[in-house]
Amino acid sequence: MDYIFAEGNGREISGKDKIFGVSQLAKAAIARDGKENVINATIGALIDDEGKLIVLSSVVDVLRSLTPEEFAEYAPIAGIPEYLEILPQAAFENYRPEGYIEACATPGGTGSIRNVISNFSKPGDKVLTSNWHWSPYKIIASEIGRDVATYDMFNGSRGFNLEGFEAAIAGLLEKQDSLVVIFNAPAHNPTGYTPSNEEWDAIVEILKRQAKPGKKITFFLDIAYIDFSGDSKTARYFLPKFGNLPENILVVCGFSCSKGMTMYGMRTGAIICVTPSKEIAEEFKRVTSFSSRGSWSNCVRAGQTVLAKIYHDEALLKKVMDERAAYEKLLADRCQAFKDAAAEAGLETCPFSGGFFVTIPCENDEAVNEELFKENIFGIAIGGGVRIAISAISEEACRKVPAAIARAIKKING
Ligand SMILES: Cc1ncc(COP(=O)(O)O)c(C=O)c1O
């Protein structure tokens, strides 16, 4: 893009919002053919079978009960104390990694990504993530003068590419003395992938091997989809593996209430560290609070208050979890239906096990996606594949879409 008045600052701004563009097409198709004849798989939120946003009513009840002071007053920069107190439980539940834990409130998980990059990498550095990734990672990095480097996420046997991951870390640490690794799991966006137990172990071993003396690795675990990655009660089982790592590995967790609490627009999240060093934990708190002050200042008090109230009241917490469990099942059933239908249609997908999205790798992804428009199926071409939001379409649609994609790929790519 050519800039007229604004400074480009090395950023690539296309000016086109792809998701918005396709969802406009889906809306036009609904107006033309009726909503029962359109599959709008563009939306990154949990939508019921009638096309309505799912919002946990138990969470809404708490929100409605707030006094004016509980939502109108400024929150402290790092977050209200009651929220900070329950954060380790909300993020880790019974699987708390051992070490010093400190946290700072952020506007959603997005804020935690900005804060981890700005505090644990230098201008001009590269941060590492997988080739399939949530595109805002790159936007956030470029906004603050960093870039993103990638490795191929999958090996030839539909597993996590441990070799590529390790080689990329080693390569970057030859040029930089510190590295931020962004790792989105379980139920990765856009693929729906969750590493196996053995893969998690191997990932930890790689971090230990590559964190050589004089080098620092910040491992940022983006758990935005953890509550919709299968059974939310056990989904966190792997977290203790990230406890008590060497001092030159800082584990940072990006926590978000957007999906798990259906509070997308309430912009409530946190950045949480786990480290064997008390001093590093205290420094973490100081620097992340400072960055918050210099960007968004404090975060939405209402969202923090709601979460604190839920976690401070056992009966209320149970109510919220029980309500959510029904939606976890809804999504798991859609996921299974998509998997079965893909197998039946001989459609190769990225390996997936849960979450909001499934990705179908293909050449000419834009053309394949446009071919699907003709069948009133609207996904997003993400460069190298088509992303389908199973969070937004019914189980019945999940049964239909794979065959349609297989047909579209055949037609476009032969
Ligand atoms: C991979 C990933 N990380 C983090 C987020 C953060 O979301 P929010 O800022 O709404 O909490 C999202 C939201 O879509 C996401 O897909």
Side-chain angles (χ1 to χ4, degrees), residues 17-20 23 41-47 53-56 59 79 83 87 90-91 103-118 127-141 143 148 150 153 180-195 219-229 235 252-272 288 291-292 295-296 299-300 302-304 306-307 324 331 350 352-359 379-380 382-383 385 387-392:
D17 183 333
K18 217 189 251 183
I19 299 183
F20 182 74
S23 75
T42 62
I43 309 162
L46 199 53
I47 308 287
L53 182 73
I54 290 170
V55 187
L56 295 175
V59 173
Y83 179 64
L87 268 179
C104 179
T106 56
T110 304
S112 70
I113 298 160
R114 189 211 181 267
N115 260 2
V116 77
I117 297 176
S118 73
V127 300
L128 182 67
T129 197
S130 45
N131 59 335
W132 297 112
H133 60 260
W134 189 46
S135 57
Y137 290 157
K138 195 167 163 56
I139 299 177
I140 297 166
E143 268 293 290
V148 165
T150 61
M153 186 166 164
V180 173
V181 177
I182 299 180
F183 201 91
N184 174 213
H188 172 261
N189 175 5
T191 64
Y193 189 68
T194 298
F219 187 74
F220 179 76
L221 199 46
D222 181 348
I223 58 163
Y225 296 91
I226 199 160
D227 294 315
F228 289 102
S229 63
V252 178
C253 177
F255 171 75
S256 166
C257 294
S258 299
K259 279 85 184 173
M261 289 287 146
T262 65
M263 298 208 300
Y264 312 89
M266 297 280 294
R267 312 312 302 137
T268 303
I271 184 167
I272 309 172
T288 52
S291 292
S292 297
S295 40
W296 45 77
C299 299
V300 178
Q304 297 175 56
V306 166
L307 203 77
R324 190 178 67 198
L331 190 60
C350 286
F352 70 98
S353 62
F356 280 23
F357 305 105
V358 173
T359 291
I380 302 289
I382 54 170
R387 186 189 83 171
I388 298 293
I390 56 171
S391 61

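The first residue of the sequence shown is numbered 1, and numbering continues consecutively from there. First listed ligand is number 1; within each ligand, the first listed atom is number 1.
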For H133 and ligand 1, answer yes if some heavy atom of the residue is under 4.0 Å from a ligand atom, otherwise no.
-> no
Do any heavy atoms of F356 fall under 4.0 Å from ligand 1?
-> no
Can you find an N or O of G109 that's nearer than 3.5 Å to an N or O of ligand 1?
-> yes
Ligand-side contact atoms (ligand 1) for residue partner S258, heavy atom cut-off under 4.0 Å = 8 (P), 10 (O), 11 (O)
Mind checking whether S295 and R114 have side chains closer than 4.5 Å, heavy atoms only?
-> yes
When only distance counts, is K259 in polar contact with ligand 1, meaning an N/O pair under 3.5 Å?
-> yes
Any idea which atoms of ligand 1 are less than 4.0 Å away from a heavy-atom of R267?
-> 8 (P), 9 (O), 10 (O)
Closest by any non-hydrogen atom to atom 4 (C) of ligand 1: pick that one out of T106, I182, D222.
-> D222
Under the salt bridge (Lys or Arg N to Asp or Glu O under 4.0 Å) test, residues paired with D222 that sit two or more places apart | none
Distance filter under 4.0 Å to N184 heavy atoms, resulting ligand 1 atoms = 1 (C)
One finds that the ligand 1 atoms under 4.0 Å from a non-hydrogen atom of G108 are 9 (O), 11 (O)
What protein heavy atom sits nearest atom 9 (O) of ligand 1, and how far off is it?
-> T110 OG1, 2.5 Å
Ligand 1 versus Y225: contacting region, heavy-atom distance under 4.0 Å | side chain
Minimum side-chain heavy-atom gap F228-S391 below 4.5 Å = no
Donor-acceptor contact below 3.5 Å, side chain S23 vs main chain F20 | yes
Out of T129, V127, V148, T150, which one pairs with K138 under the side-chain contact (heavy atoms from CB on, under 4.5 Å) rule?
-> V148
Which one holds for Y137 and ligand 1: side chain close, backbone close, both close, or neither close, with close meaning a heavy atom under 4.0 Å?
-> side chain
Trace of the side-chain contact (heavy atoms from CB on, under 4.5 Å) decision for R267 with W296 | CA-CA 11 Å; R267 312 312 302 137; W296 45 77; over 6 Å; no
Side-chain donor-acceptor contact under 3.5 Å, S229 with T194 = no
Where does the angle between the aromatic ring planes of F357 and Y225 fall among parallel (under 30°), tilted (30 to 60°) and perpendicular (over 60°)?
-> perpendicular
Applying a 4.0 Å heavy-atom criterion (strictly less than), which segment of N189 is in contact with ligand 1: side chain, backbone, both, or neither?
-> side chain
F356 and N189, any side-chain heavy atoms less than 4.5 Å apart | no
